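Structure, as structure tokens:
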Amino acid sequence: MSMEMQGEGAVQVEMPFAMVLGEPLTEMPRDLYIPPQAMEVFLDAFEGPLDLLLYLIRRQNLNILDIPIAEITRQYTQYIDVMTEMQLDLAGEYLVMAATLAEIKSRMLLPRATAPGEGLEDDPRAELVRRLQEYERFKQAAQRLDDLPRLERDTWVASAEMGERRVVRVLPDITLKELLIAFRDVALRAEMFAHHHIHREPLSVRARMSDILSTLHPETFTEFTRLFLPEEGRMGVAVTFVAVLELLREGLLEIAQVEAYAPIHVRAVDPSRSRVIEGSATEVEDTDARLLEQPALEEQDDEEPLE
Amino acid sequence: MNTEYTRKVVEAALLAAGRSLTLAELSQLFDAVDRPDNDQLRGVLEELGASYEGRGIELLETASGFRVQVRRDVAEQVARLWPERPPRYSRAQLEVLSIIAYRQPLTRAEIESIRGVAVNPNIVKTLFEREWIRVVGHREVPGRPELLGTTRDFLDYFGLKRLDQLPPLADLKTLEQLDPQLLLPEPIGVAVDGGDAAAGDIVEVAVAQTDTAANDVG
Amino acid sequence: MNTEYTRKVVEAALLAAGRSLTLAELSQLFDAVDRPDNDQLRGVLEELGASYEGRGIELLETASGFRVQVRRDVAEQVARLWPERPPRYSRAQLEVLSIIAYRQPLTRAEIESIRGVAVNPNIVKTLFEREWIRVVGHREVPGRPELLGTTRDFLDYFGLKRLDQLPPLADLKTLEQLDPQLLLPEPIGVAVDGGDAAAGDIVEVAVAQTDTAANDVG
């Protein structure tokens, strides 16, 4: 069909079909005699009856559109006979094709209307020719596909290393609403099951308790008045005072006054009075040391709302 | 040895491998007849490295050989190729955090007593790592348990200036009425000023509406 | 947009990813403020591709985006990095794959009718395993047979951007078309309907052929 294919004559594909008795079988046998050892390989080399027919046609440099159907049928059936004799496991399609060819041959013998312009449609070979051509197109397409540069064989995707990849950890997001709902639920549960009631304390006092506690150190006293920030105004002072009282009530704070009217000092409750395992004590000190850096920040924080 | 060809092969091999290659491995790629010796290979690698000047990649010699890697100054941007799906906090985490926010300073035991279940240490650890909570002191009881409180980062994250900008507990009770997704049918506009009674009313309203709709259909 | 910086990031990203990246993926790497638009990105990619001229690598656009890959002319040498040989595909596999690629969507029975022989189930299975083909639907006939089509992976693997980049199918000729020629004394090589000699002319024909193929399916 194509010049290329015709030029190659009987050679089906360029690569060896297989190794037969250690010899590469690169060409189809030119005659019908096929060494028995090669027959199976030979059969395997064809992708079915259309492929075999194409081979027979090409081998004789015949045009696919003008197949001498009698001759091709004779050759085809000879192959099939050889294969059958050798009791090779022949696919049924080969026999169907043999029958088809025989039918075409017999129809060719019948007289046909040969009015000009028509008749070709009636050529009994038309359907076979169409199928052969169609198959050959894809046979060729498969070859061209195989020729395309492809991954793993002709190219590889280039990649470079990232070095130490900085892990960008994404932290979960929470909305304030989620947080509030969570607390609401806890509170509702606690009211239902817990023995104690959740007090409605102003959060500012709670916050101030945390702040004061983190500014205090168990080993050194802090002057009481330094807990207050005059710039916070009366409300701020009141909040701080209530927070100190609350801390005192919870036993988290101790207050000392050397004598009447002397400055009042506060400090966190001394840990040495409790029995503490040594290991955890050092850990605690580290934590406290770290916490001592916090108050400055917190004080600034408190100033903000007043501006 | 054809230098230019050698350079092409070396570059292609390094990028195809996507890992470090030794001089020996690189040299194996060539037929004996045009195999570069180690000095020649080093020369070629040097040229290759120089050609990456001002590009997104660089050539590096490490203990395991030569490799091409992404330049540090664009690495961070390139890392966005692998976005991590943001994880979510569990219900328990949210509860613990909210309890600390509202009831600080308090100990883990006190959190447990409010929630009625033990607190998984990992939950508290996560909150510490996020720097949302801190140890503000110790309660002077046996074991000196840590007292937990929230941090300024916590306030910043939620856009709060002060802790008392959090709504008081009493207002929280009506929170679900404020959240259309949780309970309400459509009319968010129904002015509910809290309390369970109001919630009861709404349910009735909703039922009535459904009835009406059903009547309309019939 | 700083072109040089953009180019650095794009190159680094393509090589860090080690796979094809789409324009959208590349654009995501940039902050909104200096994010290149698609035209700018294409410009940068073009420059990048040009800068690989004469090197061991090249830039290619395939179905799933842009990738940097090893040039074919050094492939043989680079392949020596891996002791195992690349997978080979039998003629039968390639034929079935081509038929699916050109004639999709179609059923197994339709493949068999073109090849004139039953399709070995292993062939189809292998193509599925490689994720080169997929079931794209069912034909509404008894048994509702599966309709097969190719995947994006298939295009990527063969370095194609779209299906119509496949080499064109040869023409079909009818007996009528060719008959006049048969009447002439047959000069060898006139009846050519494809083949490399005519390759230059094929491009235009290809469109028509693809159309024909499409019509054939319907």
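Note: hydrogens, waters and symmetry copies are ignored here, and every other heavy atom, side chains too, is used. What you see is a predicted model; the values in this text were computed from it and never measured. Chain letters run A, B, ... following the sequence lines, proteins first and then strands; every chain starts at 1.
Contacts of C:L60 with chain A are absent, with no heavy-atom separation under 4.5 Å from either backbone or side chain. Looking at C:R85, there are no atoms closer than 4.5 Å to chain A (heavy atoms on both sides), in backbone or side chain. Residue C:S113 touches chain A through its backbone alone, counting heavy-atom pairs closer than 4.5 Å. Neither the backbone nor the side chain of C:D73 has a heavy atom closer than 4.5 Å to any heavy atom of chain A. Looking at C:I57, the atoms closer than 4.5 Å to chain A (heavy atoms on both sides) all sit in the side chain, from C-beta outward.
The 12-atom threshold is exceeded at CZ of C:R55, counting heavy atoms of other residues, nucleotides or ligands nearer than 6.0 Å. No more than 12 heavy atoms of other residues, nucleotides or ligands sit less than 6.0 Å from atom CD of C:E131. No more than 12 heavy-atom neighbours from other residues, nucleotides or ligands sit within 6.0 angstrom of CD on C:E46. More than 12 non-hydrogen atoms from other residues, nucleotides or ligands lie less than 6.0 angstrom from CD of A:Q60.
Heavy-atom pairs under 4.5 Å with chain A peak, among C:G159, C:A17, C:S20, C:G18, at C:G18. Residue with the most contacts toward chain A among C:V96, C:L14, C:D156, C:V117: C:V117 (heavy-atom pairs, distance under 4.5 Å). Heavy-atom pairs under 4.5 Å with chain A peak, among C:A16, C:A12, C:A101, at C:A16. Of the residues considered (A:R150, A:R130, A:R131), A:R150 shows the highest number of contacts with chain C, using heavy-atom pairs under 4.5 Å.
Closest approach of C:S98 and A:A142 over heavy atoms only: OG-CA, 3.1 Å. Closest approach of C:A75 and A:W156 over heavy atoms only: O-CH2, 3.3 Å. The two atoms that bring C:F154 and A:L145 nearest to each other are CZ-CD1, 4.1 Å, heavy atoms only. The shortest heavy-atom contact between C:D171 and A:R137 is C-NE, 4.4 Å. Smallest separation of non-hydrogen atoms from A:E152 and C:P87: OE1-CG, 3.7 Å.
Between the side chain of A:E93 and the main chain of C:A118, a donor-acceptor pair closer than 3.5 Å is present. Side chain of C:R72 to main chain of A:D154: no donor-acceptor pair is present (N/O by atom type, distance under 3.5 Å, no hydrogens or angles).
Separation of atoms CG (C:L166) and CZ (A:R144) is listed at 11.0 Å; rounding is to 0.5 Å. The distance from the CG atom of A:D51 to the CZ atom of C:R115 is 8.0 Å, given to the nearest 0.5 Å. Atom CZ of A:R153 sits about 10.0 Å away from atom OH of C:Y89, to the nearest 0.5 Å. In this structure, C:R88 CZ and A:D146 CG are separated by 7.5 Å, a value rounded to the nearest 0.5 Å. One distance of note links CD1 of C:I100 with CZ of A:F138; it measures 11.0 Å at 0.5 Å rounding. For the atom pair CG of C:N120 and CD of A:E47, the computed distance is 10.0 Å after rounding to the nearest 0.5 Å.
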